[in-house]
Amino acid sequence: EVFVLQAYLRHGVTIADGDCIIDAGSNIGLFTVFANRVARNLRIFSFEPNPTVFQCLQANAAAWGTHTKCFPCGLSSEEKTADMTFFEGFSLLSGFYADEGTEREVVKNYVLNQQADEGERARLSADIDRLLEDRFQKRTVTARLRTLSGVIADEHITSVDLLKVNVEKSELDVLRGLASGDWAKIRQLVIEVDLKENLDPITTLLKQQGYDTFVEQDPLLR
């Protein structure tokens, strides 16, 4: 998704030398690594509220980033703390709205959609169920949440060349944390929308702020 398909650089989105990037939902920092291989002298602000995963993010940022600042918190519509569901065997699907049954089905469909043969799909289905049985053991982590506008003010950010949002169903919350005066500072956005009911509110909000929008769905996630 990040390195081969380059999902964050489609449809005219660019990363250039010296850009300022906000990475909301960094996980272990693979997008931070990728961006620093695409361009030089980037200023990156990476956010990851999961304390276990955050350690990996810091290590990757230190190894690959030039001017990367990592924040052990998430972004939302207001400053607060909230409980986060953490799946140790599938950390990328952890989140504030995570549901074990739903996330398990997402992973299962992702694998099955790669198989054209119906017989192979049926055979794999039981194997996937067994494989995923232990992967979604969950625990609860209390995390701090900040608003994007609060961060922009505290860090004296005057312009954002790319806002990348991949926060497992919290994407609308992140955008609602932007004050009206800060939208003009953001040149490009790439947002993974995990809930269908969030798609229209997000695209409507972006169009109201003057952005051109393009929506596509990964066929493997149908």
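All residue numbers refer to positions in the sequence shown, counting from 1.
No more than 12 heavy atoms of other residues, nucleotides or ligands shown are found within 6.0 angstrom of CG on D212. Sparse packing is recorded around NZ of K138, with 12 or fewer heavy atoms of other residues, nucleotides or ligands lying under 6.0 Å away. No more than 12 heavy-atom neighbours from other residues, nucleotides or ligands sit within 6.0 angstrom of CZ on R40.
For K185, the salt bridge (Lys or Arg N to Asp or Glu O under 4.0 Å) test picks out D182, with sequence neighbours left out. With sequence neighbours left out, R146 forms a salt bridge (Lys or Arg N to Asp or Glu O under 4.0 Å) with D154. Residues satisfying the side-chain contact (heavy atoms from CB on, under 4.5 Å) test with T142, not counting sequence neighbours, are T81, D83. Every residue meeting the side-chain contact (heavy atoms from CB on, under 4.5 Å) condition with A16, not counting sequence neighbours, appears here in chain and number order: D19. Applying the ring-ring contact (aromatic ring centres under 6.0 Å, His included) rule to F47 yields the partners F71; only residues at least two apart in sequence or on another chain are considered. In this structure, E197 has no salt bridge (Lys or Arg N to Asp or Glu O under 4.0 Å) partners at least two apart in sequence or on a different chain. In this view, H11 and F214 satisfy the ring-ring contact (aromatic ring centres under 6.0 Å, His included) rule, not counting sequence neighbours. Applying the salt bridge (Lys or Arg N to Asp or Glu O under 4.0 Å) rule to E78 yields the partners K80; only residues at least two apart in sequence or on another chain are considered.
Here the CG atom belonging to N113 is positioned 12.0 Å from the NZ atom belonging to K108, to the nearest 0.5 angstrom. The structure places CD of Q115 at 11.5 Å from OG of S125, a figure rounded to the nearest 0.5 Å. Rounding to the nearest 0.5 Å places CZ of R121 at 9.0 Å from CD1 of I128. With values rounded to the nearest 0.5 angstrom, I186 atom CD1 is found 6.0 Å from I22 atom CD1. To the nearest 0.5 Å, the span separating CG on N41 from CG on D17 amounts to 6.5 Å. In this structure, the separation between CD on Q58 and NZ on K69 is 12.0 Å, given to the nearest 0.5 Å.
Looking only at side-chain heavy atoms (C-beta outward), V160 and R187 stay at 4.5 Å or farther from each other. Counting heavy atoms from C-beta on, the side chains of T14 and Q188 come closer than 4.5 Å. Residues Y211 and K207 have side chains not in contact (no heavy-atom distance under 4.5 Å, counting atoms from C-beta outward). Inter-residue side-chain proximity for V165 and L75 is flagged as unmet; no heavy-atom pair is nearer than 4.5 Å. F87 places none of its side-chain heavy atoms less than 4.5 Å from the side chain of Q137.
Applying the side-chain hydrogen bond (donor to acceptor under 3.5 Å, both in side chains) test to residues at least two apart or on different chains, the pairs with a partner in residues 45-57 are T32-S46, T52-R139.
Other cluster members for F34: V2, F3, Y8, L9, V13, I15, I21, I28, L30, F31, V33, V38, L42, I44, V53, W64, F86, V141, L162, V190, joined by side-chain heavy-atom distances under 4.5 Å among Ile, Leu, Val, Met, Phe, Trp and Tyr.
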* **Pair E192-K164, salt bridge (charged side-chain N to carboxylate O under 4.0 Å, His left out): steps then yes or no** => CA-CA 8 Å; E192 179 176 291; K164 170 259 186 188; over 6 Å; no
* To do: Carefully, step by step, assess E133 and R130 under the rule salt bridge (charged side-chain N to carboxylate O under 4.0 Å, His left out).
  => CA-CA 5 Å; E133 194 170 330; R130 284 193 296 270; over 6 Å; no
* To do: Could you walk me through whether I157 and C20 pass side-chain contact (heavy atoms from CB on, under 4.5 Å), step by step?
  => CA-CA 9 Å; I157 300 172; C20 175; 4.1 Å; yes
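Shortest non-hydrogen contact noted between E79 and T147 is OE2-N, 3.4 Å. Closest approach of F54 and C70 over heavy atoms only: CE1-CB, 3.6 Å.
Between D127 and R123, at least one side-chain nitrogen of the basic residue sits less than 4.0 Å from a carboxylate oxygen of the acidic one, meeting the salt-bridge criterion.
L57 and M84 are members of different hydrophobic clusters when ILVMFWY side chains are connected at heavy-atom separations under 4.5 Å.
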Return all side-chain donor-acceptor pairs below 3.5 angstrom for residues 169-180, not counting sequence neighbours, or 'none' if the list is empty.
residue : atom : partner : partner atom : Å
K169    : NZ   : Y97     : O            : 3.4
K169    : NZ   : E103    : OE2          : 2.6
E171    : OE1  : K169    : N            : 3.1
E171    : OE2  : D194    : N            : 2.9
D173    : OD2  : Y97     : OH           : 2.7

Please list, one pair per line, the donor and acceptor atoms closer than 3.5 Å that link side chains of residues 199-206 to other protein atoms, with sequence neighbours excluded.
residue : atom : partner : partner atom : Å
T203    : OG1  : L199    : O            : 3.0
T203    : OG1  : D200    : O            : 3.1
T204    : OG1  : D200    : O            : 2.8

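When atom types are taken as modelled, the side chain of S26 and the backbone of D23 share a donor-acceptor pair closer than 3.5 angstrom. The main-chain N or O of G29 is never found under 3.5 Å from a side-chain atom of N27 such that the two would form a donor-acceptor pair.
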